[in-house]
Colleague: 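My questions will all concern the structure given below.
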Protein chains: 2
Amino acid sequence: MATESGETVVGNKKVVLKNYIAAGAPKESDFELETAGTVGLKIPEGSTAVIVKNLYLSCDPFMRSRMTKHARPGYVPDYVPGEAITGYGVCEVVNSNHPDFKKGDYLWGMTGWEEYSLITSTDSLIKIKDTDVPLSYYAGLLGLAGFTAYIGFYEICKPKKGDYVFISSASGAVGQLVGQFAKLKGCYVVGSVGSDEKVALLKEKFDFDDAFNYKKESNLHAALKRCFPKGIDVYFENVGGKMLDAVLLKMRDHGRIAACGMISQYNLEKPEGVHNLILVVVKRIRMEGFLIHEHYDLYPKFLETIIPLIKDGSIKYVEDVAHGLENAPSALIGIFSGRNVGKQLVQVSRE
Amino acid sequence: MATESGETVVGNKKVVLKNYIAAGAPKESDFELETAGTVGLKIPEGSTAVIVKNLYLSCDPFMRSRMTKHARPGYVPDYVPGEAITGYGVCEVVNSNHPDFKKGDYLWGMTGWEEYSLITSTDSLIKIKDTDVPLSYYAGLLGLAGFTAYIGFYEICKPKKGDYVFISSASGAVGQLVGQFAKLKGCYVVGSVGSDEKVALLKEKFDFDDAFNYKKESNLHAALKRCFPKGIDVYFENVGGKMLDAVLLKMRDHGRIAACGMISQYNLEKPEGVHNLILVVVKRIRMEGFLIHEHYDLYPKFLETIIPLIKDGSIKYVEDVAHGLENAPSALIGIFSGRNVGKQLVQVSRE
């Protein structure tokens with residue numbers, strides 16, 4: 001379809017947040033699939049924007065906080081009800097005024113939950129150079145999640161061969177990779193997950209030394225004691241709350257905690273209290289948060305390291321792909337109850 | 001008095017713990033002053049022990065945990081009821097089989113709460129070389145407390161000029177020195193204390209930019225907001241619990257928390273929960289515990305740095321000295337209610 005000005009206009013289904021959510025888990029009914037919208041494929045004059053066709057969208061825990069209205073701005077802005085939500089994804093350039101991106105390029109970075117997006121803030125976009133691996137990997141293993149695992153494990157945990165490593169939410173996109181990095185480093189690796197299926201996945205597919213289903217453990221401390229008779233050197237923290245409290249009891253002297261996320265807390269009105277922080281003093285523990293935006297200079301090194309490991313089969317990866325924007329809200333809310341197995345994606349369009 | 005073997009035996013008053021304490025603040029009645037004991041001044045054959053006359057004893061928060069029986073050994077052993085309790089102090093060598101220490105030397109390190117101590121574990125003892133400063137300083141400013149401030153501030157907080165620095169329990173031996181180091185570094189420094197008298201001390205004596213009496217603040221968060229409109233870069237943590245929770249809300253991106261102690265929690269049956277740890281992720285905070293034993297290699301550098309600053313008046317120091325072992329239990333338990341003003345010591349004997 002072309003307008004009088006000659007601009008091509010296409011239909012553009014999008015996922016919008018209906019209203020801000022207070023506490024509690026997001027529900028499918030908090031979102032709406034708008035099917036009536038259109039988008040023009042012409043770039044505004046004088047802008048360095050790109051128009052992209054979205055291929056894969058990534059469902060990430062940090063998106064939860066954007067669904068709630070905050071009094072003060074955080075490190076990512078709150079969503080705007082009625083507009084397409086945004087997140088990390090893989091897309092193909094349809095039209096570009098940006099000097100680094102041309103039509104047909106594949107990019108990954110922040111995009112919209114819609115068929116086509118006009119992206120004016122292009123800082124987060126990275127051109128995909130190696131397309132010998134599945135493009136969807138750049139919405140997870142080679143994108144936000146994988147790079148998070150890399151920075152968190154190597155730069156924050158400072159692992160040593162023989163370290164005892166514990167990973168919570170270990171079958172997710174970040175956790176599965178941290179575990180594999182730790183095995184490659186010569187560490188002893190245990191993960192916690194929310195189902196027996198995921199326990200099997202960690203042990204059989206990702207070669208973890210041990211794993212447990214936290215939903216079946218009446219006492220987290222006992223589970224950790226069983227898995228780590230000598231204690232924990234490195235904790236890759238994805239869940240927070242009670243798990244963090246139990247881990248602190250098992251940490252060894254000079255233990256390191258990479259605070260990557262605390263997904264168990266995101267839907268609570270008041271986060272759980274953590275009672276064992278005195279052990280940070282007693283055991284000389286270092287707990288440290290990080291955001292990968294501040295480490296982008298290491299991204300090329302990350303790709304150089306990991307792509308050969310993917311190609312030779314040393315690094316394995318499990319994706320859970322929902323198909324079509326109509327299934328996107330369900331995929332997104334599923335990660336908060338742990339319904340996904342592996343990295344949760346939404347495929348928007350065929351490549 | 002001499003025994004038949006020719007050994008000199010002297011009276012030796014000592015402070016003993018009567019029984020292990022469960023939760024709650026220690027009370028004077030938990031201790032006993034034993035006046036009937038004696039000690040021989042001869043070193044056991046083949047040992048490298050020293051016998052010392054104790055001059056000054058230091059009252060330190062970490063001593064609280066030693067008054068409770070623990071199932072597993074911690075980084076310091078539990079006290080043994082009926083025996084003299086131990087702690088850091090300054091003493092004079094009366095007799096020595098140790099190659100590095102001779103009669104008349106002044107030492108600081110771990111000693112007993114008694115008039116004379118036979119010290120067989122001499123690892124913690126350090127010979128005092130510079131006696132141009134008061135000897136009592138080695139039980140605080142130039143000993144455990146001062147070195148803790150030095151390591152915690154410079155090595156753990158990694159301060160930068162212009163940083164906003166907050167110190168809890170700021171008039172104590174550690175806090176007062178951290179504040180002065182921070183001022184020398186060009187930081188903006190605020191301390192919290194438990195009385196108006198101590199607020200005045202911080203502002204008038206130690207040149208803090210601001211200070212507040214936490215007992216008079218109905219809302220810690222509001223107090224911190226008032227003192228730090230731009231947030232906190234460095235938190236020197238001495239108290240834990242609610243204060244830590246409130247500080248997390250005011251920390252700036254890349255803030256650093258030196259976890260030195262959590263005195264507000266030591267007497268509780270169950271420590272308070274800390275609810276805002278998600279901010280460690282969001283703000284990329286580093287929280288780190290430390291123990292000075294692991295940094296003793298820097299002790300000479302610490303003395304080289306601080307002694308000239310003491311002599312030229314750049315560093316000030318306030319001591320609260322109780323006189324005589326009979327007043328020692330009261331002095332020790334006073335630090336848990338904040339009754340002391342400045343570094344709490346017990347003078348056992350005249351120099």
Side-chain angles (χ1 to χ4, degrees), chain A residues 61-62 64-65 70 72-76 148 151-152 155-156 231 237-245 248-249 251 253-266 268-295, chain B residues 61-62 64-65 70 72-76 148 151-152 155-156 231 237-245 248-249 251 253-266 268-295:
Chain A
F62 82 91
R64 172 63 187 86
S65 94
H70 292 87
R72 272 172 299 185
Y75 68 96
V76 283
T148 298
I151 293 298
E155 298 295 314
I156 308 295
E237 164 67 301
N238 287 312
V239 307
K242 288 186 189 69
M243 184 66 89
L244 176 56
D245 236 353
L248 284 167
L249 290 171
M251 288 299 284
D253 288 352
H254 301 289
R256 290 134 275 153
I257 299 176
C260 177
M262 299 193 178
I263 195 171
S264 71
Q265 307 298 300
Y266 298 167
L268 303 178
E269 191 156 356
K270 180 171 186 179
E272 292 171 330
V274 173
H275 299 269
N276 295 322
L277 286 169
I278 183 61
L279 297 172
V280 170
V281 182
V282 174
K283 299 177 177 181
R284 293 86 84 202
I285 292 167
R286 174 168 55 84
M287 172 154 70
E288 190 164 351
F290 64 101
L291 286 180
I292 60 160
H293 319 138
E294 296 166 346
H295 300 269
Chain B
F62 82 90
R64 172 63 186 87
S65 94
H70 292 87
R72 270 171 301 186
Y75 67 96
V76 282
T148 298
I151 292 297
E155 298 295 313
I156 307 295
E237 164 68 301
N238 287 312
V239 307
K242 288 186 189 70
M243 184 66 90
L244 176 57
D245 236 354
L248 283 167
L249 290 170
M251 288 299 285
D253 288 352
H254 301 289
R256 288 135 275 153
I257 299 176
C260 177
M262 299 193 177
I263 196 170
S264 72
Q265 307 298 298
Y266 298 167
L268 303 178
E269 191 155 358
K270 180 170 186 179
E272 290 171 332
V274 173
H275 298 270
N276 294 323
L277 286 169
I278 183 61
L279 297 171
V280 170
V281 182
V282 174
K283 298 178 177 181
R284 292 86 84 201
I285 291 168
R286 173 167 56 84
M287 173 154 69
E288 190 164 350
F290 64 101
L291 287 180
I292 60 159
H293 319 137
E294 296 167 347
H295 299 270

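Numbered from 1 within each chain, the chains take letters A, B, ... in sequence-line order.
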Colleague: Who among B:M262, B:E237, B:R256 has the most heavy-atom pairs with chain A under 4.5 Å?
Modeller: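 Answer, by heavy-atom pair count under 4.5 Å with chain A: B:M262.
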Colleague: Quick check on A:I285 against chain B: is it the side chain, the backbone, both or neither that has a heavy atom closer than 4.5 Å?
Modeller: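 Backbone only.
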Colleague: Tell me the closest heavy-atom pair linking B:L244 and A:L277, and the distance in Å.
Modeller: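 Nearest heavy atoms, B:L244 then A:L277: CD2-CD1, 3.8 Å.
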Colleague: With only heavy atoms counted, which part of A:Q265 is less than 4.5 Å from chain B, the side chain, the backbone, both or neither?
Modeller: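 Neither part; nothing is under 4.5 Å.
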Colleague: Looking at residues at least two apart in the chain, or sitting in another chain, which of them share a side-chain contact (heavy atoms from CB on, under 4.5 Å) with A:E288?
Modeller: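 With neighbours one apart ignored, the set is A:I156, A:R286, B:R286.
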Colleague: Could you tell me which non-hydrogen atom of B:E294 sits nearest to which non-hydrogen atom of A:H254, and how far apart they are?
Modeller: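 Minimum heavy-atom contact is OE1-CE1, 2.8 Å.
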Colleague: For B:E155, check salt bridge (charged side-chain N to carboxylate O under 4.0 Å, His left out) against everything at least two apart and list the hits.
Modeller: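 None.
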Colleague: Considering non-hydrogen atoms only, spot the tightest contact between A:A259 and B:V280 and give its length.
Modeller: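 That closest heavy-atom pairing would be CB-CG1, 3.9 Å.
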